[in-house]
Undergrad: 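Have a look at the structure that comes next, please.
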Number of protein chains: 2
Amino acid sequence: MTFALTSSPPLGQSLYGTLADALRQRILDGEWQPGQMIPSEASLAQRYGVALGTLRQALSLLVQDGVLRRQHGKGTFVSRGLDYASMMRFFRFQSQGGLPVTPESRILQRRLRHPSAQEAKAFQIDLDGQLLQLERLRSIEGQPCLLETIALPLPLFGALADSNTEDWDDLLYPMYQRRCGILVHHARDELKFSQLNAKQASRLQLQTGHPCVLVEREAFDVAGRCVERRTTRGDAFSFTYTAHIK
Amino acid sequence: MTFALTSSPPLGQSLYGTLADALRQRILDGEWQPGQMIPSEASLAQRYGVALGTLRQALSLLVQDGVLRRQHGKGTFVSRGLDYASMMRFFRFQSQGGLPVTPESRILQRRLRHPSAQEAKAFQIDLDGQLLQLERLRSIEGQPCLLETIALPLPLFGALADSNTEDWDDLLYPMYQRRCGILVHHARDELKFSQLNAKQASRLQLQTGHPCVLVEREAFDVAGRCVERRTTRGDAFSFTYTAHIK
DNA sequence: CAGTGGTCTAGACCACCGC
DNA sequence: CGGTGGTCTAGACCACTGG
């Protein structure tokens, strides 16, 4: 059986571009799950009736996109999404010993509310729809370091609305995938400097007005839908960031 | 005439990788100047005695590297190096009208000194060698916004040691290329949060202790040599940065 | 060893640019 | 129109992985 591409004339799009879209759709549809191996290049080329080189060009697009990973001799795999390192690159926290660690996580508050106009637009939900708002404190060896406010659209994250927050993982993104089937594929972070208000300062055990870094993040799934909005505050003096410019 | 690759067995390196290195060397040697068009793919493939596809793979490496730019229907060109936008991405300055502008530049000080141990290592010069140190203030519509300390190794930048700083351009990197033949190809920026000391504050017309962003940059040429070290300070509250995470 | 992705070839044709 | 890079083909062989 062959999967002839329905749009025979690539309409301003190259064949390998069209092919890449078709393959991306099969991942979006859940036909190939994160971490799973997709069929071999040779078999896909045959099924789609294209040359091997053309199929490889299509795969290369998806690899560059971060949707697929190639492993020489093993196969081509669907990406598992953002990892911890790429999520936490703005703050340099380490234990007493000097090794980088994953901060522990405690949910301070969970409530339902209606979205703001901006949130409704980002999440593509109605103004009278609902979202889940979390306040979360991250600590290292008992020392608070990051304060987060997280907004998640309902009903997408309904599975998190009832479960006991005590049982939640320290890392949310893997949990989103396990409990809600949502894979965070990419994100956009915007950084600014600010100062802590009284409430924020007390939670971070710092002085009111203490300089802080403010990271505003929008996280997206493979289809490009915004699935999370998050504001993170942390001590400005423990902030560091390295950028490579080309 | 053909340019047979001297190292016939690619020794753990693919043919197109070896080819890319050979082509990169011809650019490093100045055989092809920044902005200039290199020979066509077909002619290069013939000269090196490889298939067109293989040569294209080599060029793709250099394009990804930022050394070459392809232009469909026109040719393949040697890159002109970093542009203004990529150099100034951390601060969002705009004129009263709201349009982004290039800050004016004024050299406050220029002097010769010996390098620190760190500088000597970065620039690969001796501890009793010399470097040029600049202090530079950048302003928008007369309002100071960035204070920079710049270190340049001698004798590489000898042409700048004597010339009148009044005649210098607002953008240094194009000037490095024109006056010293040095092309800034990539850079690494490290950001931290800090506070202004008295001298810095007075130059930026802010209060002593005012929060500032500190950007420490090392800039490199195509060969990977460090050619500039620069420290930039600016008002933390006019700082903003957007990062895309994948 | 069989199966996977990676490299390389030789050649045809298309799409864009500028004269 | 001629010259450039971009796409696509069909097939051979190499290099890595794991049983």
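Residue numbers start from 1 in every chain, and the chains themselves are labelled A, B, ... in the order their sequence lines are given, proteins ahead of strands.
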Undergrad: Whole-Å distance between C:dC8 C1' and B:Leu55 CG?
TA: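 Distance check: B:Leu55 CG to C:dC8 C1' gives 12 Å.
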Undergrad: Is there a donor in the side chain of B:Arg217 and an acceptor in the side chain of B:Thr232, or the other way round, less than 3.5 Å apart?
TA: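 Side-chain D/A pair, B:Arg217 to B:Thr232: absent.
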Undergrad: Using whole Å, report how far CZ of B:Arg69 lies from P of D:dG5.
TA: 13 Å
Undergrad: Where does the angle between the aromatic ring planes of A:Phe220 and A:His186 fall among parallel (under 30°), tilted (30 to 60°) and perpendicular (over 60°)?
TA: parallel
Undergrad: Checking contacts here: which listed nucleotide (C:dC8, D:dC8, C:dG5) is nearest the side-chain heavy atoms of A:Thr76?
TA: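 Nearest nucleotide to the side chain: C:dG5.
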Undergrad: Tell me: CD of B:Gln57 to C1' of D:dG6, nearest whole Å?
TA: 15 Å
Undergrad: Could you tell me whether a side-chain N or O of B:Gln177 sits under 3.5 Å from a main-chain N or O of B:Val184, the two making a donor and an acceptor?
TA: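 Looks like no, no N/O pair under 3.5 Å.
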Undergrad: Can you tell me the distance, in whole Å, between the CG atom of B:Leu44 and the C1' atom of D:dT4?
TA: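 Checked: the CG to C1' distance equals 12 Å.
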Undergrad: If I take atom CG in residue B:Leu61 and atom C1' in nucleotide C:dT7, what distance separates them, rounded to the nearest angstrom?
TA: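 For the pair B:Leu61 CG and C:dT7 C1', the rounded distance is 12 Å.
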Undergrad: Say whether, by atom type as modelled, one donor and one acceptor occur between the side chain of B:Glu104 and the main chain of B:Glu141 under 3.5 angstrom.
TA: yes
Undergrad: Counting distance only, does the side-chain N/O of A:Asp169 pair as donor-acceptor with the main-chain N or O of A:Leu172 below 3.5 Å?
TA: no
Undergrad: So with a 6.0 Å cut-off around CZ of A:Arg179, is the heavy-atom count from everything else above 12?
TA: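 It does: A:Arg179 CZ has more than 12 such atoms within range.
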Undergrad: Does any residue of residues 32-41 of chain A have a heavy atom under 4.0 Å from DNA chain C, and if so, which ones, in number order?
TA: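 When residues 32-41 of chain A is checked for heavy atoms under 4.0 Å from DNA chain C, the hits, listed by number, are A:Met37, A:Ser40, A:Glu41.
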Undergrad: Could you tell me whether B:Arg26 and B:Asp29 make a salt bridge, using a distance below 4.0 angstrom between a side-chain N and a carboxylate O?
TA: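 No, this pair does not count.
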Undergrad: Taking only side-chain N and O atoms of B:Lys74, does any of them lie within less than 4.0 angstrom of OP1 or OP2 on C:dG18?
TA: yes
Undergrad: Between protein and nucleotides 10-15 of chain C, what N or O pairs are separated by less than 3.5 Å?
TA:
{"from": "C:dA15", "atom 1": "N3", "to": "B:His72", "atom 2": "NE2", "distance (Å)": "3.1"}

Undergrad: Considering only D:dC8, D:dG6, C:dC8, which nucleotide approaches the side chain of B:Tyr16 most closely?
TA: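 So the nucleotide nearest the side chain must be C:dC8.
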Undergrad: Which heavy atom of B:Ile150 sits nearest to which heavy atom of B:Arg230, and what is that distance?
TA: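 Looks like CG1-CG, 3.8 Å.
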Undergrad: Taking CZ from B:Phe77 and P from D:dT4, how many angstroms apart are they, rounded to a whole number?
TA: 11 Å
Undergrad: Under 4.0 Å from OP1 or OP2 of D:dG5: is there any side-chain N or O of B:Arg56 that close?
TA: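 Answer is no, no contact under 4.0 Å.
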Undergrad: Is there side-chain contact between A:Ser79 and A:Val67, with at least one heavy-atom pair below 4.5 Å?
TA: no
Undergrad: What is the distance, to the nearest angstrom, from the CG atom on B:Leu59 to the P atom on C:dC8?
TA: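 In whole Å, C:dC8 P lies 14 Å from B:Leu59 CG.
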Undergrad: To the nearest Å, give me how far apart OH (B:Tyr48) and P (C:dC8) are.
TA: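 Rounding to the nearest Å, OH of B:Tyr48 and P of C:dC8 are 15 Å apart.
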